[in-house]
Amino acid sequence: MRPDICVIMPTIREFECLRSYFQNAREHDFDLDRLHIVLVTEDFCSTAEMQSLLDDADVDGEVFDGTRRRQWFEEHEIAEYTHLIPEASHAQTSFGLLYMWANDFTYGLFIDDDTLPHLEFDYFGTHLNNLGYEGEIDCVSSNSNWVNVLYQNVEDHGLYPRGYPYTAMGESITAETRYVDDVVASQGLWTNVPDLDAVRILMDGDLQGQAQTRTTASDFTGTFATAPDQYLTVCSMNLAFKREVIPAFYQLPMDDNEWDVGRFDDIWSGVFLKRAADVLDKQILTGGPLCEHNKAPRPTFDDLANEAPGLELNEYLWQIIDDVGTDGDSYAEVFAAMADVLADGDWSMYNNGAFLNHVGAYMRDWLDCLAELDSIRRPLPADD
């Protein structure tokens, strides 16, 4: 069987967690031949050990450090677009999206290297079932136009995830049953260490970048959809998606920029994806499968330093693009409309507002790069 699922993991140290995901697949009779693993790493890491893990597990895949990424760009005649992938940043997951686009994969799956699957879930199977789901489901909205993906037990834990605007807090949630029939993304949530920003971690009394408040499986009561014209935080640690969304799912150029904006790559890409999905009448599901998030201790103030330059922009980005691209007929058209608004706007009223112009320019380059790959796309070799 030719692989139809591209699993993308950015990693510099904890790639051994893949063994648990492979074991989960075997225990739930999920066919590992469907997976192709793309490990995105750095030149200083042991790529040979990473490749050996894949070979020992008999799972298809490749390892791309910085040198191999540059070679890949050159081989595909798109070397002028290497700037799209920032150095030493979680946003390097965008390389995996380009790899997917250049090859014949139907689905993509982001996994972070500090996670483990819950044994009771058929991890891969649940994500694919979500992407193929047609039927009635709880559809959630709020009076602030934002849905807290941790809303199901928020009365007990009081948590809001990384990237949730502070001005959208204190919302009133409404859930009603609706029919969905075109799900394009499946966001699995996380137990143990919640995905919080540094300010919220500090408010929770933790100086080690984690959080004193932890989540358990009992905090989540089921999978839900986010209503049209509502936004949600999209975290890429446990996320499956259909190939079609890639033009509107660029993981933004964080960390390696003159404004030092970081930590919002997946959050902002999720905002853009949700806007495109709403225009095109698609849905995003959130809930299962759960993963266990084992974030390593690190100084909370380091995360705060990375997040602070973009905190104000995060409050306003969704409002800037909220009515953009209404007439778009494709992900690329909606994304291009958002790119134009950001690239050409005057954002001097915000701290680091010029970063939005920078993001818009990179979004345009992203679409141009995908178009170049379309012109020379080389499918994976056929099975012998």
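Values reported hereafter were calculated over all heavy atoms of this structure, with side chains retained and with hydrogens, waters and symmetry mates removed. Keep in mind it's a predicted model, so treat the numbers as computed, not measured.
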Thr213 vs His157, test: side-chain hydrogen bond (donor to acceptor under 3.5 Å, both in side chains). Steps then yes/no. CA-CA 7 Å; Thr213 302; His157 57 61; over 6 Å; no

Main-chain N/O of Thr106 paired with Asp4 side-chain donor or acceptor, under 3.5 Å: no

Closer than 3.5 angstrom, by distance alone: can the side chain of Gln283 be matched with the main-chain N or O of Thr226 as a donor-acceptor pair? no

Given side chains that start at C-beta, do those of [X] and [Y] come closer than 4.5 Å, heavy atoms only?
X	Y	result
Trp190	Asp112	no
Asn103	Cys6	no
Ser142	Ile173	yes
Phe15	Glu49	yes
Asn148	Pro161	yes
Glu62	Val38	no
Tyr21	Thr115	yes

May I ask you to check whether His28 and Phe121 place their ring centres under 6.0 Å from each other? no

Looking only at the aromatic ring of each residue, does the gap between the centers of His36 and Tyr99 stay below 6.0 angstrom? yes

Taking atom [atom1] of [X] as the centre, does the number of heavy atoms from other residues, nucleotides or ligands within less than 6.0 Å exceed 12?
X	atom1	answer
Asp56	CG	yes
Tyr166	OH	yes
Met203	CE	no
Tyr133	OH	yes

Shortest non-hydrogen contact from [X] toward [Y]:
X	Y	result
Glu27	Leu119	OE1-CD2, 4.1 Å
Asn357	Ala343	ND2-O, 3.1 Å
Leu196	Ala211	CD1-CB, 3.8 Å
Trp146	Leu232	CZ3-C, 3.4 Å
Leu18	Leu39	CD1-CD2, 3.7 Å
Pro309	Asn352	O-ND2, 3.0 Å

Under 3.5 Å, is there a donor-acceptor pair linking the side chains of [X] and [Y]?
X	Y	result
Asp204	Gln212	no
Asn145	Asp229	no
Thr326	Arg275	yes
His90	Asp255	no
Glu315	Thr167	yes
Tyr151	Glu171	no

Run through Gln210, Lys295, His293, Arg214 and flag the one making a side chain to side chain donor-acceptor pair (under 3.5 Å) with Asn192. Arg214

Which residue in the set Phe105, Tyr107, Phe110 passes ring pair (Phe, Tyr, Trp, His ring centres under 6.0 Å) when paired with Phe241? Phe110

Mind checking whether Tyr160 and Tyr164 have parallel, tilted or perpendicular rings, split at 30° and 60°? tilted

Parallel under 30°, tilted from 30 to 60°, perpendicular over 60°: which one fits the rings of Phe95 and Phe73? tilted

Does the distance from a Lys or Arg side-chain N to an Asp or Glu carboxylate O, for [X] and [Y], drop under 4.0 Å?
X	Y	result
Asp197	Arg200	yes
Arg364	Asp340	yes
Lys274	Asp278	yes
Arg162	Asp266	yes

Supply the atom-to-atom distance Ile85 CD1 to Arg69 CZ, rounded to the nearest 0.5 angstrom. 7.5 Å

Cluster question for you: counting only ILVMFWY and a side-chain heavy-atom cut-off of under 4.5 Å, with indirect links fine, are [X] and [Y] together?
X	Y	value
Ile267	Leu285	no
Phe44	Met9	no
Tyr362	Leu367	yes

For a side-chain hydrogen bond (donor to acceptor under 3.5 Å, both in side chains) check, start with the C-alpha distance between Asp256 and Ser89, then their side-chain angles and the critical distance, and finish with the verdict. CA-CA 7 Å; Asp256 184 21; Ser89 170; over 6 Å; no

Stepwise, does the ring-ring contact (aromatic ring centres under 6.0 Å, His included) test hold for Phe355 with His358? CA-CA 5 Å; Phe355 181 68; His358 175 76; 5.6 Å; yes

